[in-house]
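Below is one structure, written out as structure tokens; the observations come after it.
Side chains included, hydrogens not; waters and symmetry mates left out as well; all remaining heavy atoms used. Bear in mind the structure is a predicted one, so any value in this text is a computation, not a measurement. We count ligands from 1, going down the list as the structure has it; atoms in each ligand are counted the same way.
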Amino acid sequence: MASGDLPTAAAPKTILIVEDNTLNLRFFSDLLEHHGYATLTATLGSAGVELAREHRPDLIVLDIQLPDISGMEVARQLKDDQKTRAIPIIAVTAFAMSSDRAQILASGCDDYLAKPFRGSELIRLVELYTV
Ligand code: MN
């Protein structure tokens, strides 16, 4: 059989998680891997920007409160760069005010989940933005 006839499994979609809380980071990565996604992780915003530029993930799960630059600044930098602008970003944050939500979306995040949320809510949004 020619190599071209071999069944090829679809490459898993890659999700970059930027989250400084290591318990949350572990929860998100375990959840996403359980649902068949490959994950990349960063605990600093600057490292998240670098990983996004290097790997061009299919989607980014982005915490807003980070120790170096805010998640909103991460989103701005990625949406200002034509190489990374098309990557969907789902913000996850404990901020709950509607004005915060508007600011987060204005920074370039495509969607938003307020912590705490169910794993199924995150998976639903990830699936929505990676079809
Ligand atoms: Mn945080």
Round to 10° and report the angle made at the Mn ion (ligand 1) by OD1 of D20 and O of Q65.
90°

Does D58 use its side chain to pair, donor to acceptor, with the backbone of T14 at less than 3.5 Å?
yes

Answer yes or no for N21: is there an N/O/S atom below the 2.8 Å cut-off from the Mn ion (ligand 1)?
no

K13 side chain to A38 main-chain N or O, any donor-acceptor pair under 3.5 Å?
no

Tell me, which N, O or S atom in D63 is closest to the Mn ion (ligand 1)?
OD2

Please check if the number of heavy atoms outside R53 that lie under 6.0 Å from its CZ is greater than 12.
yes

Start with the C-alpha gap between D111 and Y129, add the side-chain angles, then the distance that decides, and say whether side chain to side chain donor-acceptor pair (under 3.5 Å) holds.
CA-CA 9 Å; D111 220 315; Y129 284 96; 2.8 Å; yes

Can you tell me if an N/O/S atom from E19 lies under 2.8 Å from the Mn ion (ligand 1)?
no

